[in-house]
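Notes follow the structure.
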There are 2 protein chains.
Amino acid sequence: MVSEKTVERLSLYRRVLQQLWAEGKETIMSHDLAGLLHVTPTQVRRDFMQLGYSGVPNIGYKIRPLLESIANFLDSPSPQSAVLVGIGHLGLALLANFAGRWRQLAIRAAFDKDPNKIGQTYHGCRCYAMSELKKVINETNSIVGIIAIPGDGAQNVCDQLVQAGVRGILNFSPLRVKAPDYVFVEHVDLSATFEKVAFFARKMKYYEQEGNWKTESGLIEDANETLTTNQ
Amino acid sequence: MVSEKTVERLSLYRRVLQQLWAEGKETIMSHDLAGLLHVTPTQVRRDFMQLGYSGVPNIGYKIRPLLESIANFLDSPSPQSAVLVGIGHLGLALLANFAGRWRQLAIRAAFDKDPNKIGQTYHGCRCYAMSELKKVINETNSIVGIIAIPGDGAQNVCDQLVQAGVRGILNFSPLRVKAPDYVFVEHVDLSATFEKVAFFARKMKYYEQEGNWKTESGLIEDANETLTTNQ
DNA sequence: GTTAGTTTGTTAACAAATTCACAATTATAC
DNA sequence: GTATAATTGTGAATTTGTTAACAAACTAAC
């Protein structure tokens, strides 16, 4: 079937296509879209091939039906719910973005162990006690659980979410949680990502000192060459 | 050169190795470490091979020197700084985690366009006006810039960061920013990630309805055809 | 010191993802 | 209507990342 990367890109395509449509554009060619997202035109065409949506040679892709095709592919026919565990700064950021903002996919409930937070409403989303997890997940028919707690309890929370019936977990804790194979798990590890960026940033600097610039693909001789050809 | 994925995993290894060391463990074997992180033992050995650190057959890897080797590889010899642009919920979450908590790598300054925030201190990190970006980046010798603003200004901020001399950018905005080849850019797209998890969660559900389950041991039916890699 | 039983390091095979290259197709100009 | 130029769709090649398999290396037991 379709790969994770393709699904992610389809989500990106949709966002810029919506923007383009709002600006009055009706068609788009693979290389223009590729340019906006900094991927290759071939990649765009391949992804749309997976979608089953065909463009027309010499014209490109018609944005409106393409958007419908993406929505048809990515979105659930009925609205989908998610729940959030952990209302720290990160949890609030997620609520601000995903609590009820989208029609088809939204965070509909939140949980925290802090008694002061239970019963409160954050960005339109009510906070419940962990003991109500299963009940609320059943009531809201949520299929995704988001773990946004600092660390230790993550596996425990994950188990409870699985127990309650979610089919997907988005884990922001630094612990790798384990779920049964019929549950999709995605880890977003901010520390590791931050360290990675710093690592490669430093390497760039290193090559600068050596007189060589590092690119994604390898080393090149002259820095000014890239600087000028780039923009 | 070493791949991004390897760098990310080294960061993960380090975290659990530190934990193990704190618990009094002195050596670890590839398959035990692999079990903790849900990767294969071969992967672990391969990553350590890249490091240049050798274990001993029948014993495993000595945790203390391994940790030093990872630190030596991942960390800068001198402390490194990063700056944050955008003090919303997400920015606060990042500050809470990375403002001065680590010795070698920390967020040392923050920026926002809100006049009420400028001059304030958040999690020990002072907020400056965007006009001071270049000056502060130079003073703190920052090589990483983190973009945590909602959307539109992202490319502009990115350009300013590059102009000011950063070599790595961690971008949380939904816009894909473009930087010269000598700057490493990492996109963390929360919307796309959220949609991806929901998508695959739904597929899992779909197969449940079809009567096909993925199990611990493998697939009962042919879910394999349609479900791609879980991790 | 020898043997048995593990685990490492690494080569080779495999798998996934991306890009190349080009035939097929279409609009436009004339 | 035909020629021209441009763009799509996709098999093949390439690149990148992962896993299997096994020789070499080591410990421990005797």
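Keep in mind it's a predicted model, so treat the numbers as computed, not measured. Naming: A, B, ... by sequence-line order, numbering from 1 per chain.
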B/Ser30 side chain N/O closer than 4.0 Å to the phosphate oxygens (OP1, OP2) of C/dT8? yes
Test A/Val197 against every option in B/Ile169, B/Ile146, B/Leu170 by the side chain to side chain contact (heavy atoms under 4.5 Å, CB included) rule and name the one that passes. B/Leu170
Using a heavy-atom cut-off of under 4.0 Å over every strand shown, decide if A/Thr42 touches base, sugar-phosphate, or nothing. base
note: B/Glu8, atom CD; D/dT18, atom P; distance rounded to Å ~ 10 Å
Phosphate contact (D/dG9 OP1 or OP2) by A/Ser54 side-chain N/O below 4.0 Å: yes
Distance below 4.0 Å between A/Arg9 side-chain N/O and C/dT18 OP1 or OP2: yes
Using whole Å, report how far CG of A/Leu33 lies from P of D/dG9. 13 Å
Using the closest heavy atom to pick a nucleotide of DNA chain C for each, name whichever of B/Arg45 or A/Arg45 lands nearer the 5' end. B/Arg45
Note: for A/Val56 and A/Lys5 on DNA chain C, the residue whose nearest nucleotide lies more 5' is A/Lys5
Would you tell me if any nitrogen or oxygen in the side chain of B/Gln43 comes within less than 4.0 Å of OP1 or OP2 on D/dG17? no
Distance in angstrom units between A/Asp47 CG and C/dT19 P, rounded: 11 Å
Nearest-angstrom distance from the residue atom CG of B/Leu51 to C1' of C/dG9: 14 Å
Record whether the side chain of B/Arg46 comes under 3.5 Å of the base of C/dT8 through a donor-acceptor pair of N or O atoms. no
base_contact_polar (C/dT26 base, A/Asn58 side chain, donor-acceptor, <3.5 Å): yes
Assert: residue with more 5' nearest nucleotide on DNA chain D, out of B/Thr40 and A/Ile59, is A/Ile59
Output the rounded distance in Å from CZ (B/Phe48) to C1' (C/dT8). 12 Å
Carboxylate-amine/guanidinium proximity below 4.0 Å for B/Arg14 and B/Asp75: yes
Starting from P on C/dA17, measure out to CE on A/Met49 and report it in whole angstrom. 14 Å
Which part of the nucleic acid, if any, lies within contact of B/Tyr61, taking any heavy atom under 4.0 Å across all strands shown: a base, the sugar-phosphate backbone alone, or nothing? sugar-phosphate
What is the distance from CG of B/Asp32 to C1' of C/dT6, rounded to the nearest Å? 13 Å
Between A/Gln50 and A/Thr6, do the side chains contain a donor N or O and an acceptor N or O under 3.5 Å apart? no
Can you tell me how far P of C/dA16 sits from CD of A/Glu4, to the nearest Å? 12 Å
Mind checking if A/Thr6 touches a base, just sugar-phosphate, or nothing, with heavy atoms under 4.0 Å? nothing
More than 12 foreign heavy atoms under 6.0 Å from CD of A/Gln163: is that the case here? no
Pairing donors with acceptors under 3.5 angstrom, does anything connect the side chains of A/Gln155 and A/Asp159? yes
